[in-house]
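For reference, the structure is listed below as C-alpha cells.
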Amino acid sequence: MPTPFNLELSRRELLVSSAATVALAGAAGGARAADRGEESLNRSTEVSFEVNGEAKRLDLDNRTTLLDALREHLHLTGTKKGCDHGQCGACTVLVDGRRINSCLTLAVMHEGDKITTIEGLGQPGSLHPMQAAFVKYDGFQCGYCTPGQICSSVAVLEEIRADIPSHVTQDLNTPAAITSAEIRERMSGNICRCGAYSNILDAITEVAGVPA
Ligand code: FES
Ligand code: FES
C-alpha cells in the first residue's frame, strides 16, 4: 500500500526533530558538566600536613601538585621538577615513609600526612648517612636528580627490610635480600642524565651494608 505523502513528511520531520532534541539535550548536559568541571577546578581547599617535622597549612588550588606545593608555596626547592609526568623520579619525596613522585599527586590529597623532602633528611653538618655516602662516592654530577635519588634510596632500603618484593625478587616466600640487583631494579624509576649510576649504587650498597 503506498504511503500517503503527508504521512511520509511527518515521519521525516519527526526524525529530524528527535535528532535535534537529542543534540540539544546533549549540548545542555555537556554545558552543565563543563560548568560543574569549571566550578570544581576553580575551587581551592585548605590542607594541613607536616613537612620535615613542621606543621604546615596551605590554602591551595585543588589542581596544585604536591611538588608545586613544596616548591612554589613552601619554597623547598630541593625537590626537583624534571619531567612533571612521573617519568624521571627527580621529584621523589617520602610520604609517611613511602617514596612517591610528588608531581603525580595532588597536595590536597595529603591531609594529615608526614612529608619528608631532601631538606628534612639532613642538613650540612648533620647529613643523613645516605647523603654522606652520595658525597663520599661522588654519586652525582650536575646534582639535579640527586635529591630524588637520595629520597628514593632511603625508602628502597626500608622496602627491602619490610620484605616488599620487587620484579627481581626470586623467592616470594623468603625475605628479600639487599642485593645490588634488588637495588638497581628498585631505583630504576630514578633517571640520571649524567649517568652517575655506578657511583649511586656504591653509595647505596655502603649504607645498606652489602657488597656492590
Ligand atoms: Fe616527577 Fe619527573 S618530575 S617524575
Ligand atoms: Fe646530573 Fe643525575 S647527577 S642528572
Side-chain angles (χ1 to χ4, degrees), residues 41 47 49-52 56 58 60-111 113-124 127-160 164 166-168 180-208 212:
L41 285 177
V47 61
F49 40 51
E50 197 180 293
V51 182
N52 300 333
K56 301 287 178 189
L58 296 170
L60 295 172
D61 183 311
N62 290 348
R63 296 164 290 182
T64 308
T65 62
L66 180 58
L67 174 60
D68 285 341
L70 292 170
R71 285 183 57 85
E72 311 301 332
H73 295 262
L74 296 176
H75 309 296
L76 291 167
T77 53
T79 306
K80 298 294 185 262
K81 182 182 281 190
C83 62
D84 209 18
H85 281 81
Q87 310 264 312
C88 72
C91 64
T92 307
V93 297
L94 306 178
V95 175
D96 293 333
R98 297 178 66 184
R99 57 193 173 137
I100 187 170
N101 286 339
S102 60
C103 70
L104 285 187
T105 185
L106 297 175
V108 295
M109 295 164 63
H110 293 283
E111 176 70 29
D113 286 354
K114 287 184 171 51
I115 296 152
T116 305
T117 68
I118 190 69
E119 293 92 342
L121 275 183
Q123 289 287 326
L127 294 180
H128 184 282
M130 193 64 79
Q131 291 171 312
F134 268 65
V135 173
K136 176 179 171 185
Y137 286 96
D138 219 8
F140 51 87
Q141 213 176 95
C142 75
Y144 199 82
C145 72
T146 311
Q149 300 276 4
I150 292 175
C151 285
S152 204
S153 56
V154 167
V156 158
L157 296 186
E158 290 309 312
E159 285 165 19
I160 301 175
I164 297 169
S166 77
H167 288 297
V168 299
S180 66
E182 284 284 354
I183 295 170
R184 284 172 192 272
E185 163 62 20
R186 292 169 195 259
M187 291 297 293
S188 61
N190 288 83
I191 309 302
C192 176
R193 291 190 66 174
C194 299
Y197 295 113
S198 62
N199 294 4
I200 291 171
L201 184 63
D202 287 347
I204 301 172
T205 49
E206 168 160 298
V207 176

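All heavy atoms count here, side chains included; hydrogens, waters and symmetry mates do not. Order of appearance sets the numbers: ligands from 1, and atoms from 1 within every ligand.
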**Fill in**
Value for CD (E50) from NZ (K114), rounded to nearest 0.5 Å, stands at 4.5 Å

**Item:** Nearest-0.5 Å distance that lies between atom OH in Y197 and atom CE in M187
**Value:** 9.5 Å

**Message:** So, at under 2.8 Å, which protein N, O or S atoms would a careful student list around atom 1 (Fe) of ligand 2?
**Reply:** C142 SG, C194 SG

**Request:** Answer yes or no: does atom CD of E111 have more than 12 heavy-atom neighbours from other residues, nucleotides or ligands under 6.0 Å?
**Result:** yes

**Asked** Is the closest basic N to carboxylate O distance between R98 and E158 below 4.0 Å?
**Response** no

**Request:** Apply salt bridge (charged side-chain N to carboxylate O under 4.0 Å, His left out) to D68 and R71, showing your working.
**Result:** CA-CA 5 Å; D68 285 341; R71 285 183 57 85; 5.8 Å; no

**Message:** Closer than 2.8 Å to atom 2 (Fe) of ligand 1: how many protein N, O or S atoms are there?
**Reply:** 2

**Message:** Please check this pair: side chain of N199 against backbone of Y137, looking for a donor-acceptor N/O pair closer than 3.5 Å.
**Reply:** yes

**Prompt:** Rounded to the nearest 0.5 Å, what separation is found between the CZ atom of R186 and the CZ atom of R99?
**Reply:** 7.5 Å

**Prompt:** Nearest 0.5 Å, what's the CG-CD1 distance between L70 and I115?
**Reply:** 6.0 Å

**Request:** Could you tell me the separation between the NE2 atom of H128 and the CZ atom of F134, rounded to the nearest 0.5 Å?
**Result:** 11.0 Å

